[in-house]
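Written out below as structure tokens is the structure these notes cover.
The structure presented is a predicted model; accordingly, all values stated were derived computationally and were not measured.
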Amino acid sequence: MQTRTLGSLTVSALGLGCMGMSEFYGPGDEQESLATIGLALDRGCTFLDTADMYGPFTNEQLVGRAIAGRRDEVVLATKFGNEREPDGTRLGINGRPEYVRAACDASLSRLGVDVIDLYYQHRVDPDTPVEDTWGAMAELVQAGKVRHLGISEAAPATIRTAHAVHPVTALQTEWSLWSRDPEDELLPLVRELGIGFVPYSPLGRGFLTGQFRTPEDIPEDDFRRHNPRFQGENFTRNLQLVDRVKSLADEKDCTPAQLALAWLLAQGDDVAPIPGTKKRSRLEENLGALDVTLSADDLARLDELAPVGATAGDRYPDMSSIGR
């Protein structure tokens, strides 16, 4: 397995996003999910990503069971900030110092570990100064409960402020061939500061794989049904982008998913995508991206096939918590 460097943290070049094993993408299969995580570790895909709000709480428990007895093999990332009740009720975004401390202790317990390798602020609380949130996060590092700190979907000014309190190891933000906005401001900023980039949803929430040809292909209980990019005219327009990417994938004798991941991997040694899946077959397909080599001409063609701003629709139904 190739490796990447996020700040001072070394991770596998491809990670595994575990969210969909517990929520949002239809029903899960616990045994298949456990087997998928086990296979990922066997293959050297050891950068695992979860969060307390996934489930809620149950995804951390699942990951904890999967890594029991294999903790030393794993670079374990989780997040706090999207506060939820056990029944799933959303309470809002919480960055208060007392909550940071309580959330970390709860995650450690659910994961069954003594320390979290990478602890993210999942979303920025507009009612709590980021200096206060990051002061509490820095205390967790000093206490030995957390090794590295990260932030997700934050604005450039917020990232600078957090980094001044304690070094930011990684920025996690959606980035893919159909979400290229980070390339304008965020990517230059994190490289200036020496922060790694962890793209989530690197396959466009599965859209770039080509598995969806009509909105009706999305299961009723799948949250993508409510995503603007998967609806109406946006869906039709975005499907054209997928078909253009597939044309190059066919030429490269790889799948569209492998091409999309190879494109991200070619963006730099400080980039470590975390494609999510709950199936071993998809994991194997994703890992095949490591064998896809893209030339300068290939990258230039992808810039033409999937340029910045080509995707129709917002990334979320409510974008108010993004880029704070």
Side-chain angles (χ1 to χ4, degrees), residues 17 19-20 23-27 51 53-54 82 90 93 122-123 152-155 171-187 197-250 254-264 267 273-279 282 285-286 289 299-324:
M19 180 189 78
E23 196 179 12
F24 301 114
Y25 292 143
M53 67 93 66
Y54 301 158
N82 284 310
R90 294 175 182 263
I93 297 171
H122 204 165
R123 292 291 186 272
S152 179
E153 291 287 5
L171 170 68
Q172 184 175 139
T173 291
E174 186 172 353
W175 186 20
S176 71
L177 281 170
W178 86 334
S179 292
R180 298 190 58 179
D181 297 345
E183 296 169 44
D184 293 334
E185 291 186 85
L186 289 175
L187 192 59
F197 202 115
V198 178
Y200 76 85
S201 295
L203 300 177
R205 305 190 185 280
F207 202 99
L208 288 171
T209 68
Q211 64 178 303
F212 303 120
R213 302 303 299 178
T214 70
E216 289 68 36
D217 291 337
I218 306 168
E220 290 282 353
D221 57 351
D222 191 310
F223 92 113
R224 287 171 288 195
R225 281 232 169 194
H226 307 288
N227 186 299
R229 294 186 170 186
F230 288 78
Q231 297 176 338
E233 293 182 5
N234 289 343
F235 188 102
T236 302
R237 178 172 158 185
N238 293 334
L239 196 60
Q240 295 171 1
L241 184 153
V242 171
D243 290 341
R244 293 196 298 271
V245 171
K246 185 179 184 304
S247 66
L248 181 55
D250 289 343
C254 65
T255 68
Q258 290 168 341
L259 181 64
L261 291 173
W263 175 80
L264 274 172
Q267 301 306 307
I274 49 168
T277 185
K278 50 188 175 181
K279 296 180 179 179
R282 287 292 189 184
E285 178 184 354
N286 292 343
L299 294 172
R301 283 187 63 189
L302 283 169
D303 278 339
E304 296 175 359
L305 296 173
V308 176
T311 310
D314 285 337
R315 295 194 283 121
Y316 289 96
D318 179 1
M319 293 285 289
S320 62
S321 67
I322 302 300
R324 286 177 174 164

> Step by step, would you call M19 with F24 a side-chain contact (heavy atoms from CB on, under 4.5 Å)?
Replying inline: CA-CA 8 Å; M19 180 189 78; F24 301 114; 3.6 Å; yes

Working to the nearest 0.5 Å, report the span between [atom1] of [X] and [atom2] of [Y].
X    : Y    : atom1 : atom2 : value
N286 : I274 : CG    : CD1   : 12.0 Å
S152 : I322 : OG    : CD1   : 7.0 Å
L208 : L241 : CG    : CG    : 7.0 Å
W175 : L186 : CH2   : CG    : 10.0 Å
E285 : T209 : CD    : OG1   : 7.5 Å
Y316 : R205 : OH    : CZ    : 4.0 Å

Atom of [X], atom of [Y] and distance for their closest heavy-atom approach:
X    : Y    : value
I218 : F230 : CD1-CD2, 3.4 Å
L259 : A249 : CD2-N, 3.6 Å
E174 : Y200 : N-CE2, 3.1 Å
T311 : W178 : OG1-O, 2.8 Å
G323 : A155 : O-CB, 3.2 Å
M319 : R315 : SD-N, 3.9 Å

Any heavy-atom pair between the side chains of [Y] and [X] that's under 4.5 Å?
X    : Y    : answer
P27  : D221 : yes
Q211 : R282 : yes
R123 : E153 : yes
Y25  : K278 : yes

>> Donor-acceptor check, side chain of R180 to backbone of A310, threshold 3.5 angstrom: yes or no?
In response: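 No.
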
>> Using the side chain to side chain donor-acceptor pair (under 3.5 Å) criterion, which residues pair with N82? Sequence neighbours excluded.
In response: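 Applying side chain to side chain donor-acceptor pair (under 3.5 Å) to N82 gives H122.
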
> Near E185 CD, under 6.0 Å, is it more than 12 heavy atoms from other residues, nucleotides or ligands?
Replying inline: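 Incorrect, the count does not exceed 12.
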
>> Once side chain to side chain donor-acceptor pair (under 3.5 Å) is applied, what residue pairs with a partner in residues 231-246 remain, sequence neighbours excluded?
In response: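 Matches after skipping sequence neighbours: R213-D243, K246-D250.
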
>> Checking E23 now: which residues fulfil salt bridge (charged side-chain N to carboxylate O under 4.0 Å, His left out) with it, not counting sequence neighbours?
In response: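 Only R84 meet the salt bridge (charged side-chain N to carboxylate O under 4.0 Å, His left out) criterion with E23.
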
> Does the pair E304 and R301 meet the rule for a salt bridge (Lys or Arg N to Asp or Glu O under 4.0 Å), with working shown?
Replying inline: CA-CA 5 Å; E304 296 175 359; R301 283 187 63 189; over 6 Å; no

